[in-house]
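Below: one structure, written as structure tokens.
So you know, we letter chains A, B, ... as the sequences are listed, proteins then strands, and number each from 1.
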Protein chains: 2
Amino acid sequence: MSIEHSILAVLSFGPSSGYDIKSEFEHEASGLFWGASYGSIYPKLKKLEETGYIFALEEEDEGRKKKLYELTKKGWLELEQWLGETPSYPIIKDELFMKMGSWHRDMDLKILVNHLLERKKQSEHLLRFVTEWPKNGVSYIDQVGMLAIQYAKMRLETELLWIDRTIEMIQSGDLPKAQDTRGNAEKMITRRRKTLQE
Amino acid sequence: MSIEHSILAVLSFGPSSGYDIKSEFEHEASGLFWGASYGSIYPKLKKLEETGYIFALEEEDEGRKKKLYELTKKGWLELEQWLGETPSYPIIKDELFMKMGSWHRDMDLKILVNHLLERKKQSEHLLRFVTEWPKNGVSYIDQVGMLAIQYAKMRLETELLWIDRTIEMIQSGDLPKAQDTRGNAEKMITRRRKTLQE
DNA sequence: CGGGACATGTAAACGGTTACATGATTAA
DNA sequence: TTAATCATGTAACCGTTTACATGTCCCG
């Protein structure tokens, strides 16, 4: 899965060099899907060529020599076979979420508010981008791609709504009730304090 | 970052063995944050012990011998220092999204609808779980943890809403307009068809 | 004529998973 | 008595990133 197929996907839009593919992955919207560095792109291209999914056309692009890659028949079929497979469930690594999961009573909530404000800034930026992008009149975005962009927008809007609500709740002290039938919170902070005063 | 800190976070709730930590990561809600296998947990525990973040207390737990680990003072401080650092922006790897980005006109939209229905099923399942979890009367979930759960719920609800809308749009043929000022979609399918008939 | 973008590539390091090895205890 | 679960660990492998090496072309 993955890097190989992302490369095939990029090539489906038109012949590209390793450098082009890297630029595509550095695109602002990449935060919404994937990424790869030169260290994996070039070896992967070589491998895909050996397998017969792509072939190189040494081309003179505006005076500069570039090694452009294009999909073979086998490559198109592989891409389409992959598109047809049920996508695996998304893998999300969200440190903010993890940190909230292990937050404890002796941690100042003001720090958490700062984290939330920082996240808000970043998500607002991304939201602005995904809103403007399909209107720039330049990039090619397919109808189905537009559906995906609508999803990204909704997701970000929901996140921003949650952030605002959450900050309000924290600042008003109106937090939801904990589930703690065995006094775990209490046990935890006594354990912590005992260890810290040593 | 990450596995080391996730382990410290788990230990902050109480002394645990490598096996316990693994079970914690296998928890259904792990899809919402992190994961790790034995192959990384045990070596990590050893390393954390050497660094002085944790120490082992060989304990007899209901007849069974377990190597329980507990946070040291240094470990608590490290955990809290990490909690205080601005969390990095989430990394999301969503194959569905990627596939939609490279979907093309010659791909049957019925397949995409199947992908969406499959995703719907999985997200509904997760939503059910995160809704029931904080009500099971057993697990310990802190107030801040509850805020995180609220976020997960909102995110999943938004996703489900988007899925329903999207399926409707596809089935009614009422798709959003593409951005394609240079006839890229056309070029792409002629390139593809030419390659395929060879 | 120097700095920056364009362009291709590789070697070492890293972080993690998979698969395996081993054994104790418990419930059917 | 045997399958499942509890429990700890390692070695081989895999994919990816980081850092480096090298060179070109173009603009100011």
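- At D/dA7, none of the side-chain N or O atoms of B/Lys22 fall inside 4.0 Å of OP1 or OP2 (strictly under the cut-off).
- Per the geometry, NZ belonging to B/Lys47 stands 7 Å off P belonging to C/dG15, to the nearest Å.
- When all heavy atoms are compared, the tightest approach of B/Ile170 to B/Val113 is CG2-CG2, 3.8 Å.
- Between C/dG16 and B/Lys44, a contact under 4.0 Å exists linking OP1 or OP2 to a side-chain N or O.
- Classified by interplanar angle (parallel below 30°, tilted 30° to 60°, perpendicular above 60°), the ring pair B/Tyr19/B/Tyr38 is parallel.
- Classified by interplanar angle (parallel below 30°, tilted 30° to 60°, perpendicular above 60°), the ring pair B/His104/A/Trp76 is perpendicular.
- Neither OP1 nor OP2 of D/dA7 sits under 4.0 Å from any side-chain N or O of B/Ser23.
- Applying the 4.0 Å criterion to OP1 and OP2 of D/dG9, one finds that B/Lys67 has a side-chain N or O inside that range.
- A cation-pi arrangement is absent between B/Arg182 and A/Tyr140, since the terminal nitrogen or guanidinium carbon is not both under 6.0 Å from the aromatic centre and inside a 45° cone about the axis.
- Taking side-chain N and O atoms only, B/Ser2 has no distance below 4.0 Å to OP1 or OP2 of C/dG15.
- Within the nucleic acid shown, B/Gly18 comes within 4.0 Å of sugar-phosphate atoms alone, with no base atom in reach, counting heavy atoms only.
- Checking the phosphate oxygens (OP1, OP2) of C/dG9, no side-chain nitrogen or oxygen of A/Tyr38 falls inside 4.0 Å.
- Residue A/Ser40 has no polar side-chain atom (N or O) positioned under 4.0 Å from OP1 or OP2 of D/dT16.
- Taken together, the paired segments of DNA chain D that extend over three or more consecutive Watson-Crick or G-U pairs, each closer than 3.5 Å at both contacts, are C:1-28 with D:1-28.
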